[in-house]
2 protein chains.
Amino acid sequence: MFDRIQGVMTENCALKKDRPIIVGVSGGADSLVLMHLMLKEFNIVVAHFNHLIRPEARQDALAVESFAANKGVPFTLGEESVFEFVEKQNLSVEEAGRELRYRFLFDQAKLFNAQAVAVAHNADDQVETVMMHLMRGSGLDGLSGMTYRLLPNPWNEKIPLVRPLLGIWRSEIVAYCNANHLSPLVDETNNDTKYFRNRVRKELIPELETYVPGFRHRLYQTADLLTADRQLLEELTAKVWQEMSAENGPGYVIIDQRLLNSHSLALCRRLIRRAVSELRPGARDIDFAMVRHALDFAKNPTVTGQADLGLGLCISLEGDQVIIAARDADLPTDHWPLITDQYSLSIPGELDLGASWVLRAEILRDVKTIKSEARENRDNYQAWVDLGEKAPTLNVRPRRPGDRFQPLGMGGKSMKISDFMINEKFPRRARVGWPLVCMGAEIVWVPGYRLGEPFRVTPATNQIVLLKLYSVE
Amino acid sequence: MFDRIQGVMTENCALKKDRPIIVGVSGGADSLVLMHLMLKEFNIVVAHFNHLIRPEARQDALAVESFAANKGVPFTLGEESVFEFVEKQNLSVEEAGRELRYRFLFDQAKLFNAQAVAVAHNADDQVETVMMHLMRGSGLDGLSGMTYRLLPNPWNEKIPLVRPLLGIWRSEIVAYCNANHLSPLVDETNNDTKYFRNRVRKELIPELETYVPGFRHRLYQTADLLTADRQLLEELTAKVWQEMSAENGPGYVIIDQRLLNSHSLALCRRLIRRAVSELRPGARDIDFAMVRHALDFAKNPTVTGQADLGLGLCISLEGDQVIIAARDADLPTDHWPLITDQYSLSIPGELDLGASWVLRAEILRDVKTIKSEARENRDNYQAWVDLGEKAPTLNVRPRRPGDRFQPLGMGGKSMKISDFMINEKFPRRARVGWPLVCMGAEIVWVPGYRLGEPFRVTPATNQIVLLKLYSVE
């Protein structure tokens, strides 16, 4: 067994001989064997965590300490009440214990400048984990189980979590203990079937073996197959993510809608999951329904152009951009000509709206040829308007309560500017500060969107004013 | 339910209104509901298969026939003894029944020029299937379960197998029967837990529900997630396969070793599986161990350069080419200059070796400058040789028992030509017919591989002969 493990430690776990490795040792058979195998080859520190659940745990800590002392290996002890943490964090006892234990191990890793944290999960643990993920409805990621080396992991970005015993069965570990006269501690809570994992181990897996003998070996092999599939899909996702993530910012992720249309469902799902996990790094299980909701929205957005995703995130569509963002994120607005004050624009004249945006008005002389051009205008950021005989001063300002607008092409029908903005799928964030070009109290032009019906160029028009909004960046 | 199914039938199953659809109807609740839903919209033929297992099966056939007659739908009946087929094919009763039933359905599909064969698997069946695949150690393909539309399928390349009820739960089907006054037949063998699937349905899945309530819905959703992942991986595999399959022929597949080195493990595994399934289209479960064996061999071939894979297939490595072939396949040799006879080559002179290969000898005059060129020769298909003062006639022939050779650079050491060929990893098939350039009984040059030590150009050489083997294709 030692030969097999040695290859795993140096290759699969990528462990080196120099810097120390924190080895999590409960004192049970698995971790005792791990310690015993690793201290022959590596520079290890034995780390024990007392969850303060069982009264005899203090004895266990002393026993592990003396194991370590016997072998001349450094020992470090952590303790914290799992029950207190359960109440604070609303977790199960198992989850809370796990979280505290790993926090302790990675704290020690930083303290000792360790190259890795090693834990003693074995092949039976792997099978149990996969089975638990399966029952809870996990996808490929959960079904591929644990890996020999996990980096980044939920506790550290730089220090890997390694599991050298992941290919060794519990029966081999017991045999190794016997052959090497190791006397593991027995944790009675491991037999308590009120814990989900213990019930899976003690009852479910033996029962599945009655259906198909060798079940656990088959499931182990399945996890191995799926791990490779998962890696390939992750590489593909990372590549696409890399290409699309340039516009992301703090608290928001922007995905081009055309990207979602061009890639396979599997990849789109992964991009959404990736977006959510970037915004909510703590979230351990990203719900399938959430991913589906996001993808459905991206294809068929709601009328308001925005929807809740859960986890304090929302999704919106602006043009071709699908934006997933924290509720309180400051989304970028620098590509919009937003204003807060009122400005005057003489005709002809130019107005600096700030953030590199300029509004310009000029009087066109050659009215006849211009008229047909005006009818064929395809650029919403310019407008040919008829302001009457005189050339008045225009004012440019954000919307105000009660503002009404007669959009071109609706037969002179008047509507609230706020309704117009909703109909036109204005990005919500752009509505308040969008510049409106007005003459007196009337809205002449909503740049980027629509001209007002009364100001259109007609056969009777004698003087045409050309309005243009552009960025000089 | 009918609305939901309608979308599934036209979109997921891609069924059209025109050509008939063969609907497999046992008379149980599932197939009765399927028939009832489909006959409203499509042109169907009810097909019933009697496995000749249960005596009351004949009654069932009559009942289904009268259901069909009541609805004015064509009916077709097949029957064959499953037990006889079990003995002939060494299958389980379930496997044999399934095989015979589908053969019958697709035979009928051809007879009726049908667009599809529809069967009545429901969402519970899907969960059972995934669970069975899981227990037997299937990879992603098995775990993603059944699909709404399967084409090609094991029974036909052009007629799809469709499963419109795959998203409908058994409880919904029962409710539909009650609401529509349908009286399904009851097949008591469905309750017999000596059959694997029945035990999974009746015992295992209810038990798994006690671990995680809603287990079956979660597993269904997992299969849905995995189906998308699988599709993406299949597309990737198909793309690579497309690029590499130009050199394949009857009974063999050639995979470039560099391709296997450059692609991920997941993709390599799929390429090997694809190769095996191309060569053995009947093989339903391609063993994980076989795939691993093939990939191990491709990385570290055995000394003989060949190994058995099982299923009557073997794998070999020739240069950069990994060849997976049926034991009796005729592998292509047309890219080699193979000969069976002895030829004479005058100096200077040219010799046609057949299959577009030409061997040519010329005498070089400018000995001094040529000498350094000869030392830097990097093309194994040309050689500068010293044949002494005279220009003798060379002979060109395949190897003979007892032939020995002194390869250049081995200090004049002599070895059997057969050992030289093994050391140099000559493709096994190329060894017997490879042309050897000889002077008298001595081997001067093994084209493509090595010059004989006694014939090398030295400072004392006075006359250099240039030998070249090339293809004029």
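Note that these values count all heavy atoms, side chains included, but never hydrogens, waters or copies made by symmetry. Lettering follows sequence order; numbering is per chain, from 1.
Atom CD of A:E243 sits in a crowded spot, with more than 12 heavy atoms from other residues, nucleotides or ligands closer than 6.0 Å.
Taking every heavy atom of both residues into account, B:F215 and A:L134 meet most closely at CE1-O, 4.2 Å. Across all non-hydrogen atoms, the minimal contact from A:A228 to B:A266 is O-CB, 3.3 Å.
For A:L267, the parts lying under 4.5 angstrom from a heavy atom of chain B are both the backbone and the side chain. There is no contact between B:R292 and chain A, counting heavy-atom distances below 4.5 Å. Heavy atoms closer than 4.5 Å to chain B are found in both the backbone and the side chain of A:T210. Residue contact with chain B, scored on non-hydrogen atoms closer than 4.5 Å, is absent for A:R230. In this structure, the portion of A:L236 lying under 4.5 Å from any heavy atom of chain B is its side chain and not its backbone. Using a 4.5 Å cut-off between heavy atoms, A:V200 contacts chain B through both its backbone and its side chain.
Between A:E235 atom CD and B:S264 atom OG the span is 6.0 Å, to the nearest 0.5 Å.
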request  = Given side-chain contact (heavy atoms from CB on, under 4.5 Å), test A:R136 with B:R218 step by step and report yes or no.
outcome  = CA-CA 6 Å; A:R136 288 172 168 156; B:R218 290 166 193 248; 4.2 Å; yes
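If you tally non-hydrogen atom pairs under 4.5 Å between each of B:T227, B:L208, B:V130 and chain A, the highest count goes to B:L208. For the options B:R199, B:E209, B:Q221, heavy-atom pairs under 4.5 Å to chain A are most numerous at B:R199. If you tally non-hydrogen atom pairs under 4.5 Å between each of A:L265, A:V291, A:L233 and chain B, the highest count goes to A:L233.
Tested against B:D229 for a side chain to side chain contact (heavy atoms under 4.5 Å, CB included), the candidates A:D229, A:L226, A:L140, A:L232 yield a single pass: A:L140. When the options A:M132, A:M131, A:E203 are evaluated for a side chain to side chain contact (heavy atoms under 4.5 Å, CB included) with B:Y211, the one that passes is A:E203.
Under the 4.5 Å side-chain criterion, counting only non-hydrogen atoms from C-beta, B:L225 is in contact with A:R269.
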